[in-house]
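Naming: A, B, ... by sequence-line order, numbering from 1 per chain. Computation of the quantities below employed the complete heavy-atom set of this structure, encompassing side-chain atoms and omitting hydrogens, waters and symmetry-equivalent molecules. Predicted, not measured: the structure shown is a model, and the values here were computed from it.
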There are 2 protein chains.
Amino acid sequence: MATGRTHRPATRSRGIPEATVARLPLYLRALTALSERSVPTVSSEELAAAAGVNSAKLRKDFSYLGSYGTRGVGYDVEYLVYQISRELGLTQDWPVVIVGIGNLGAALANYGGFASRGFRVAALIDADPALTGKAVAGIPVQHTDDLEKIIKDNGVSIGVIATPAGAAQQVCDRLVAAGVSSILNFAPTVLNVPDGVDVRKVDLSIELQILAFHEQRKAGEEAMAEALPAVAVVKDSSDQGPDGDVPAVMPA
Amino acid sequence: MATGRTHRPATRSRGIPEATVARLPLYLRALTALSERSVPTVSSEELAAAAGVNSAKLRKDFSYLGSYGTRGVGYDVEYLVYQISRELGLTQDWPVVIVGIGNLGAALANYGGFASRGFRVAALIDADPALTGKAVAGIPVQHTDDLEKIIKDNGVSIGVIATPAGAAQQVCDRLVAAGVSSILNFAPTVLNVPDGVDVRKVDLSIELQILAFHEQRKAGEEAMAEALPAVAVVKDSSDQGPDGDVPAVMPA
DNA sequence: AAATGTGAACTACTTCACAGCC
DNA sequence: GGCTGTGAAGTAGTTCACATTT
């Protein structure tokens, strides 16, 4: 049920901000949960809390999609689920291949959130002949030799790379040559791709390093707080740097 | 939630922008590769190319750390590796626990980039008694019952959650209560944590959805280009496309 | 009365372009 | 001449605050 007009074209046209796009899946997840509990409507305040963002941001985000709410009431959950799904392109099914079926590849193949949301694991590919033919998550692993054929036969445009770093660029090149134009890269390496190909990367060790940075900072502040009263903490052996406040203290 | 106000801005420590912090691991990786090839110095241009960023950005990033380069020459690789490592807090060793030893948890436990860079998997924890005692990546899996003791005995401040979504918040609460203040969350759910605790999330399905959005946009543009005439081939309702004709309709 | 949608103000990040040093 | 380091300009993203609508 969706007919009628209401709002003028609103020449917003050119592009939803990238930051907004990155949050839409978050909203969608929260909305799906509400939908499962048969909640009919939700306010920006409530939904924002569920998604872990601030409500002004959420309203602004939605405003890029259109005017889908009702003042004084809120948003219709089902309707919004549909609109966001459509915006994200999840009303169609995306066949995906996973290349590199080690622990990580297997984890991805088994990942349920996959199939549930517009994605279908069309094939698993690995370079190890010993794996060829074996089933992972009920899907037979195929050999890298057949990569191009697999991509083409299945009309795959999204590829997931879960190979070791050393193989990633080569796999990437082959995927792109075969027609893949979006890549999710789990290998800890920078991928070079031609224009028109999107790459997103997920790197565990980078995430941990960012956490370590903040963790270190916290440890430093604690130490500062304790030692603040009289003397400033000496700067250890650190050298230049604009006015360092480097914590020269070990956690104990 | 949101109790003890007045913590630190959390976004700036020594005035290093969060976006810069997020790139430091990238630079570090590129520098490490250069170091292994015994390259003594590198220019901002070269290093930027290796890290996949633009060189002005890289120089600006480094300027937040201090003046570590030499005009007319470039940066000393070893020195920069050390400075960035120190800045990120990687000159110390961070014990990490992984909770939830399914496919993903196992993949993380086996992930080499871990140990190599300042992190040590101190323990693996899972709620399944059948797993208890079994070794994964050479590390025995321990039972969730002992979570608090494990955290405390090992002085763990960084935790990785790789459980199903349903268990994540509970695990998170216990980790935090036991003293963990940085969490890397792989479960597809929003975690609520008190002030002072950092959470970073990695969500496969969100990444895929973002890719799908761009993929759809690409497909739309292609279609527009080849079939400009009136009839569109898209699914039922007309949608996207630059210069929208957004079919705004009201909820039932 | 309640809650959206949005200009305007603000903040964060990026890129330019060039002075300054080697 | 080459390359860094950085103010200044430009761009993207966030938050405020309130007019508007139901």
Using modelled atom types only, decide if a donor and an acceptor are shared between the side chain of [X] and the backbone of [Y] within a distance under 3.5 Å.
X	Y	value
B/W94	A/L211	no
A/N185	A/T189	yes
A/K218	B/G196	yes

Check whether any side-chain heavy atom of [X] lies under 4.5 Å from a side-chain heavy atom of [Y], and answer yes or no.
X	Y	result
B/I183	B/V176	yes
B/L31	B/I84	yes
A/L24	B/Q209	no
B/L184	A/L204	yes
B/D76	B/Y68	no

Side chain to side chain contact (heavy atoms under 4.5 Å, CB included) evaluation trace for B/L191 with B/D173: CA-CA 9 Å; B/L191 293 181; B/D173 292 344; over 6 Å; no
Those residues that, when tested against B/Y27, pass ring pair (Phe, Tyr, Trp, His ring centres under 6.0 Å) (two or more places apart):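 With sequence neighbours excluded, B/Y27 shows a ring pair (Phe, Tyr, Trp, His ring centres under 6.0 Å) to B/F62, given in chain and number order.
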DNA chain C contacts among residues 37-44 of chain A, heavy-atom distance under 4.0 Å: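 Residues of residues 37-44 of chain A under 4.0 Å from DNA chain C: A/S43, A/S44.
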Find every protein N or O atom lying less than 3.5 Å from an N or O atom of nucleotides 18-20 of chain C, and list the pairs.
residue : atom : partner : partner atom : Å
C/dG20  : N3   : B/R71   : NH1          : 3.3

Axial bend angle, the helix from C/dA1-D/dT22 to C/dC22-D/dG1: five-pair end segments, nearest 10°: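 Between the first-five-pair axis and the last-five-pair axis there is 0°.
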Can you check the [X] [atom1] to [N] [atom2] distance for me, whole Å?
X	N	atom1	atom2	value
A/D61	D/dT15	CG	C1'	12 Å
A/Y75	D/dT21	OH	C1'	13 Å
B/N54	D/dG5	CG	C1'	15 Å
B/L80	D/dT4	CG	P	11 Å
A/E45	D/dC16	CD	C1'	13 Å
A/L58	C/dG5	CG	P	10 Å
B/F62	D/dT6	CZ	P	14 Å

Residue of the set A/L90, A/D198, A/I16 for which side chain to side chain contact (heavy atoms under 4.5 Å, CB included) holds with B/F213: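 With B/F213 as partner, A/L90, A/D198, A/I16 yield a single side chain to side chain contact (heavy atoms under 4.5 Å, CB included), made by A/I16.
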Short side-chain N/O contact to C/dT14 OP1/OP2 from B/Y64, under 4.0 Å: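 No, no such contact exists.
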Set of residues satisfying salt bridge (charged side-chain N to carboxylate O under 4.0 Å, His left out) with respect to B/K57, sequence neighbours excluded: none
More than 12 heavy atoms of other groups within 6.0 Å of B/Q170 CD: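 No, CD of B/Q170 has 12 or fewer neighbouring heavy atoms, counting only those of other groups under 6.0 Å.
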Name the pairs: protein N/O against N/O of nucleotides 8-13 of chain D, kept only if under 3.5 Å.
none

